[in-house]
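The structure presented is a predicted model; accordingly, all values stated were derived computationally and were not measured. Naming convention: chains lettered A, B, ... in sequence-line order (proteins, then strands); numbering from 1 in each chain.
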Amino acid sequence: MRIGYPCINRGIGCTSSRAFRLASYSERRLVETVAQNLDCLESVLRWNAEHGILFFRITSDLVPFASHPVCTYDWARQFHDRFRRLGRLVRRHRMRISMHPDQFVLINALDEAIGQSSVRELGYHARVLDLMGLPASAKLQIHVGGVYGDKPASIVRFVERYRSLPDPIRRRLVVENDDRCYTVADCLEVNRLTGVPVLFDVFHHRVNCSGESVRDALRRCAATWRKRDGLPMVDYSSQEPGQRRGRHVEHIDIRDFREFLEAVRGIECDVMLEIKDKEESALVASAAASRARRR
DNA sequence: TCTGGTCAAGGTGGT
DNA sequence: ACCACCTTGACCAGA
């Protein structure tokens, strides 16, 4: 079991998600920013390797405006060697990588233009992982999308659009149960119709549950991952006390995490912690997971 | 140098 | 009609 955290290392003193306003876009600015972001990503991956954190979610902001029409610059060519080097680092340490395109990616959108910009955005994400030379087990996780007042029809639209996705996207795409609309059961239905693996989010499952126990839900989701997809990925978080339902914790609740480990015992998976303090909680979780393994 | 309003993009649910 | 939230902060104009 690899333990990971998303996008940012808060202690390391740099960020790989530097960006700038669209109004100040220039090629020079883009190249500068991407160079800094890649430098920082390398520092973070090295830090992770040294600390035994072998799962990491790369930020969508690595290349700002990559899928925006304003960006006509060939950043992939410019940074080809840098990406290759990062990929070698990842493979050398047998690290796992994911990306999570943001909420604007809706492949089942009613509006065709939104569907198309979503495909462009996914294409950018796939390009990053391809440039790093990572296998199909490096995943892009998205939600099924909007409901638009008719879930069955929206699932059908997802299935149709999924089938016409370019292969570089499709081979990496996985769907995750969300905290409002699409439950584990809905995602499993999408899997049945498309074969797309289902990434189990245990916290969303608590907030938006289709009735299965955590163990049962994870087992069913895990069964949707084929050999080439790698170990099933799981998102873990828990409720911040006193805050609105669905709010992620600031720091790992170690008792809750141990319960989670107990519930998933014997089911192989890689766990991404969606917790605000990032690498700090990842270190705590990693130690807890090692102790649990030894027992 | 510091700070608060604002930033490419959509949908949902609560007020 | 408006706002907070989403997985996540950082830019930048004006003081």
Side-chain angles (χ1 to χ4, degrees), chain A residues 4-10 12-26 29-30 32-33 36-37 40-41 44 55-71 97-125 139-151 153-154 157-158 161 174-183 186 199 201-204 207-208 233-240 243-250 271-279 281-282:
Chain A
Y5 63 97
C7 305
I8 290 164
N9 182 309
R10 303 219 294 197
I12 204 170
C14 68
T15 162
S16 54
S17 48
R18 294 196 58 164
F20 47 86
R21 301 287 169 84
L22 181 57
S24 45
Y25 181 92
S26 71
R29 190 73 192 270
L30 180 74
E32 256 173 38
T33 304
Q36 288 174 342
N37 285 346
C40 184
L41 179 57
V44 172
F55 188 16
F56 188 66
R57 183 185 296 166
I58 294 177
T59 175
S60 295
D61 288 337
L62 197 66
V63 182
F65 302 107
S67 74
H68 190 284
V70 76
C71 181
I97 296 293
S98 65
M99 297 182 83
H100 193 335
D102 66 28
Q103 65 270 31
F104 306 106
V105 169
L106 296 159
I107 73 171
N108 74 351
L110 283 171
D111 180 343
E112 186 64 34
I114 293 171
Q116 283 176 12
S117 61
S118 297
V119 173
R120 278 204 309 278
E121 179 72 355
L122 286 170
Y124 146 63
H125 285 79
K139 292 303 186 189
L140 301 177
Q141 61 185 100
I142 61 169
H143 299 296
V144 178
V147 173
Y148 308 98
D150 185 346
K151 193 184 273 185
S154 295
R157 250 189 344 275
F158 181 98
R161 300 259 171 82
V174 302
V175 293
E176 173 194 351
N177 57 306
D178 65 72
D179 60 347
R180 288 182 181 227
C181 307
Y182 291 92
T183 61
D186 295 327
L199 189 156
D201 185 312
V202 62
F203 186 40
H204 291 167
V207 177
N208 182 27
M233 291 179 176
V234 175
D235 281 358
Y236 168 85
S237 187
S238 65
Q239 175 70 41
E240 175 76 9
Q243 295 289 320
R244 102 172 209 302
R245 183 176 153 85
R247 169 76 170 232
H248 293 228
V249 277
E250 287 291 325
V271 178
M272 175 64 60
L273 304 183
E274 295 188 329
I275 296 181
K276 304 273 184 198
D277 71 358
K278 307 288 183 182
E279 80 283 358
S281 285

Just call it for [X]: base, sugar-phosphate, or nothing, with non-hydrogen atoms closer than 4.0 Å on any strand.
{"X": "A:Pro64", "value": "nothing"}
{"X": "A:Thr15", "value": "sugar-phosphate"}
{"X": "A:Arg29", "value": "sugar-phosphate"}
{"X": "A:Ser24", "value": "sugar-phosphate"}

Rounding to an integer number of angstrom, what distance separates [N] and [M] when you compare their [atom1] atoms?
{"N": "B:dT3", "M": "C:dC5", "atom1": "P", "result": "22 Å"}
{"N": "C:dT7", "M": "B:dT1", "atom1": "P", "result": "37 Å"}
{"N": "C:dA1", "M": "B:dA8", "atom1": "C1'", "result": "24 Å"}
{"N": "B:dT6", "M": "C:dT8", "atom1": "P", "result": "23 Å"}

- Item | Within residues 104-115 of chain A or reaching into it, pairs that qualify as salt bridge (charged side-chain N to carboxylate O under 4.0 Å, His left out) - sequence neighbours excluded |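 Qualifying pairs: A:Glu112-A:Arg161.
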- For A:His248, side-chain hydrogen bond (donor to acceptor under 3.5 Å, both in side chains) partners two or more places apart: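 Scan of A:His248 (side-chain hydrogen bond (donor to acceptor under 3.5 Å, both in side chains), adjacent residues dropped) gives A:Ser237.
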- Task: Would you mind telling me which residue lines up with the more 5' stretch of DNA chain C, A:Ala19 or A:Cys7, judged by nearest nucleotide?
- Result: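 Comparing both residues, the 5'-ward one is A:Cys7.
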- Range-with-range stems of DNA chain C (Watson-Crick or G-U pairs under 3.5 Å, three or more in a row):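 The stems that DNA chain C takes part in, listed by first number, are B:1-7 with C:9-15, B:10-15 with C:1-6.
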- Task: Assign a letter to each nucleotide of nucleotides 10-15 of chain B from its 5' end: B, base within under 4.0 Å of a protein heavy atom; S, sugar-phosphate only; -, no contact.
- Result: BSBS--
- Exam field: side chain A:Ser16 to backbone A:Leu41, donor-acceptor pair closer than 3.5 Å: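 Here the side-chain-to-backbone pair does not exist.
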Student check: side-chain heavy atoms of [X] and [Y] closer than 4.5 Å:
{"X": "A:Ile114", "Y": "A:Phe104", "answer": "no"}
{"X": "A:Leu30", "Y": "A:Tyr25", "answer": "yes"}
{"X": "A:His100", "Y": "A:Ser60", "answer": "no"}

- Where chain A begins and ends its contact with DNA chain C, read 5' to 3' at 4.0 Å from heavy atoms: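 Terminal contacting nucleotides, 5' to 3': C:dC5 to C:dC12.
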- Please check if the distance between the ring centroids of A:Phe65 and A:Phe20 is under 6.0 Å.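 Aromatic pair counts; centres sit under 6.0 Å.
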- Task: Report yes if the distance between the aromatic ring centroids of A:Phe56 and A:Tyr5 is under 6.0 Å, otherwise no.
- Result: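 When the ring centroids of A:Phe56 and A:Tyr5 are compared, they turn out to be within the sub-6.0 Å range.
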- Message: List the residues meeting ring-ring contact (aromatic ring centres under 6.0 Å, His included) with A:Tyr182, not counting sequence neighbours, and say none if there are none.
- Response: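 Partners of A:Tyr182 by the ring-ring contact (aromatic ring centres under 6.0 Å, His included) criterion come out as none, since no residue qualifies.
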- Task: Could you tell me whether A:Asp186 and A:Lys151 have a side-chain N and a carboxylate O separated by less than 4.0 Å?
- Result: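 Looking at A:Lys151 together with A:Asp186, the answer is yes, because their closest N to O distance falls below 4.0 Å.
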- Query: Is it true that A:Arg157 and A:Asp150 have a side-chain N and a carboxylate O under 4.0 angstrom from each other?
  - Reply: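 So A:Arg157 does not pair with A:Asp150 through a salt bridge.
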